[in-house]
Protein chains: 2
Amino acid sequence: MAEAERPTLEELGEIAVLGRIFPRLPEAEATLLGPGDDAALLAAPDGRYVVTTDMLIHGPDFRWEFSTPEDLGWKAAATNLSDVAAMGARPTALVVALAAPATTPVDVLESFADGLRLGCAQLAPGCGVVGGDLSTSDVFTIAVTAFGDLEGRAPVRRSGARPGDAVAVAGELGVAARGLRLLFEQGRADALRADAHAVGRQLRPAPPIALGTVAADAGATAMMDISDGLVLDARRLAQASRVDLELDDLGDDALRGGEDHSLLATFPGDVPVPEGFRRIGSVVAGEGRVLVRGAEYDALGGWDPYEQWDGRLS
Amino acid sequence: MAEAERPTLEELGEIAVLGRIFPRLPEAEATLLGPGDDAALLAAPDGRYVVTTDMLIHGPDFRWEFSTPEDLGWKAAATNLSDVAAMGARPTALVVALAAPATTPVDVLESFADGLRLGCAQLAPGCGVVGGDLSTSDVFTIAVTAFGDLEGRAPVRRSGARPGDAVAVAGELGVAARGLRLLFEQGRADALRADAHAVGRQLRPAPPIALGTVAADAGATAMMDISDGLVLDARRLAQASRVDLELDDLGDDALRGGEDHSLLATFPGDVPVPEGFRRIGSVVAGEGRVLVRGAEYDALGGWDPYEQWDGRLS
């Protein structure tokens with residue numbers, strides 16, 4: 001498409017850009033007041049609300065050579081919805097702050113909004129965007145804050161696992177990491193040809209959002225979103241609960257791969273885990289370790305943005 | 001101080017950095033669950049909550065040659081608290097996402113946290129930080145989402161002004177803009193010597209947060225935070241309410257200067273404006289204009305980040 005047909009943010013100005021984005025954003029059923037005032041107003045029927053926030057930054061978190069703007073909108077929704085679900089809550093709304101270079105074509109933001117709408121519709125129907133902020137930055141940056149409704153449930157924390165509980169997972173393990181490896185090795189087009197499923201999961205994660213409330217209702221004693229890899233996140237749960245987790249040997253890819261945003265939960269050991277979850281181990285007395293085949297699994301299982309980002313901005 | 005004594009984010013790693021920041025952050029009285037799980041849990045006693053989000057980006061929004069990290073923490077709190085207050089709500093909590101170059105000394109983030117704590121303590125006692133996110137970016141970026149409690153009040157919107165209402169302001173006008181002009185002209189040290197009050201207000205805005213609920217209780221028909229300049233924001237209120245606003249001639253500095261984060265409100269014309277507010281004009285029938293001395297005031301009165309940012313990153 002000719003550049004002349006793609007007006008940029010600085011050419012259109014903030015008001016016109018917002019006018020193009022707003023109609024594409026998903027509406028939230030919990031909205032009492034949406035955009036247009038200094039703040040939005042949301043319903044919290046049980047007198048409490050769940051809150052989580054997360055940034056996606058060009059370079060460490062996504063790259064335009066791999067992600068389309070629509071992919072990015074989907075991923076920004078999915079990763080935050082997942083944190084809400086992991087508390088045992090139903091996601092209700094997002095606010096989205098976005099900073100982009102002033103030379104960014106406005107259609108990039110329109111497609112990003114489409115991705116937010118598709119992600120919410122697919123993963124958490126009824127959840128929508130109730131507010132946001134637009135700024136300029138040399139680095140394309142997104143900050144999403146997500147909200148959820150516990151609907152009277154007690155929140156499911158990381159710290160409640162007890163010896164004798166079953167360890168269970170809902171969602172895939174290691175698939176998004178396989179997709180990322182393919183993207184780095186082959187680029188987007190060839191990677192999609194080699195394994196469209198894995199690449200698709202890396203670019204548009206499909207966390208089992210609706211199973212968060214299912215787990216809470218089934219009596220989950222602890223739960224969290226697996227964002228940085230099963231073993232690394234399981235260790236965080238083990239440490240918070242002051243127990244050890246014995247996991248089945250699922251293979252290094254499943255044990256270490258991050259970004260699937262599957263749910264890791266523990267359930268009382270004397271009842272079956274709820275539908276949608278599969279048992280992958282047991283909670284035993286201990287001190288915050290993850291054991292596989294009886295030995296502590298201490299291979300690198302995660303991602304520290306300050307230590308491991310390679311600084312590439314390709 | 002020798003660099004060796006200032007460990008950076010990449011040297012310490014995320015866990016250790018968070019361990020240094022958390023103890024410095026202000027606690028929120030509304031917290032039911034704070035950091036440590038996938039999401040925080042907050043109280044919403046009246047079954048609703050107010051939400052607003054805003055980014056501060058190095059370059060367009062702040063510059064290290066002018067602001068200390070503590071200034072920046074204060075400003076990040078103040079600008080968001082102000083949007084909550086402008087709805088007639090009491091600010092209850094913030095979540096703060098921060099992205100910094102991996103080579104940033106950790107003491108910069110510690111001082112930023114101190115600024116958040118000082119700002120909350122001074123402007124909105126009881127409000128605190130309940131969660132956040134740390135990332136890496138070449139551009140130092142902050143995204144704050146703020147929450148508030150209407151305590152049973154109706155929200156005060158921009159759209160409720162009616163002909164016959166009084167137009168009133170709480171807080172200063174044009175002072176922060178004078179401070180910014182001095183900073184650009186003279187640099188921080190000389191600007192502070194020339195006008196410490198104005199420079200201080202630019203770097204650490206002091207919006208009249210507590211007057212937001214006072215205005216709502218006094219029957220304010222419309223209200224908003226003056227972030228981009230009195231005339232520009234008054235025009236937004238006039239347009240939302242489908243009225244004209246006749247303002248006293250307060251001088252160009254007061255009419256145009258932004259970033260004071262004072263409160264602009266309209267009140268029924270037959271009763272005195274509440275203490276802390278001063279009357280600066282009247283609402284008349286009209287179509288969204290701002291009039292000064294009987295003529296439309298159409299000098300530039302604001303700031304569009306996409307059109308006006310000069311791209312300087314000094």
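Chain letters run A, B, ... following the sequence lines, proteins first and then strands; every chain starts at 1.
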For [X] versus [Y], what's the shortest heavy-atom pair and its separation?
X	Y	value
B/Ala39	A/Val50	CB-CG1, 3.4 Å
A/Pro155	B/Leu41	CG-CD2, 3.8 Å
B/Ser135	A/Met55	OG-CB, 3.8 Å

Has the side chain of A/Asp38 got a donor or acceptor atom that lies under 3.5 Å from a matching backbone atom of B/Ala86?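 Pair absent, no side-chain N/O of A/Asp38 close to backbone of B/Ala86.
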Tell me if a side-chain donor or acceptor on A/Asp37 pairs with a main-chain N or O of B/Arg157 at a distance below 3.5 Å.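 Here the side-chain-to-backbone pair does not exist.
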Please report the interatomic distance CG(A/Asp138) to CD1(B/Ile57), rounded to the nearest 0.5 Å.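 It is 9.5 Å, given to the nearest 0.5 Å.
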To the closest 0.5 Å, what do you measure between CG (A/Asp133) and OG1 (B/Thr53)?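 That separation rounds to 6.5 Å.
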Among A/Thr103, A/Leu32, A/Leu33, single out the residue with the greatest number of heavy-atom pairs under 4.5 Å to chain B.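 Going by pairs under 4.5 Å, I would pick A/Leu33.
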Quick check for you: among A/Ala85, A/Ala143, A/Pro45, A/Ala97, which has the greatest number of heavy-atom pairs under 4.5 Å with chain B?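 With the most close heavy-atom pairs to chain B, the winner is A/Ala97.
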Do A/Leu42 and B/Val51 have side chains that approach each other closer than 4.5 Å (heavy atoms only, starting at C-beta)?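 A side-chain contact exists here, since the closest heavy-atom pair is under 4.5 Å.
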Measuring heavy-atom distances to chain B, does A/Ala240 have an atom under 4.5 Å in its side chain, in its backbone, in both, or in neither?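 Contact with chain B: none, neither part.
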For A/Leu150, is it the side chain, the backbone, both or neither that has a heavy atom under 4.5 Å from a heavy atom of chain B?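 Only the side chain of A/Leu150 comes within 4.5 Å of chain B.
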Need one label for B/Met87: side chain, backbone, both or neither, based on atoms under 4.5 Å from any heavy atom in chain A.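 Side chain only.
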Classify the angle between the aromatic ring planes of B/Tyr49 and A/Tyr49 as parallel (below 30°), tilted (30 to 60°) or perpendicular (above 60°).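 Parallel: the ring planes of B/Tyr49 and A/Tyr49 meet at under 30°.
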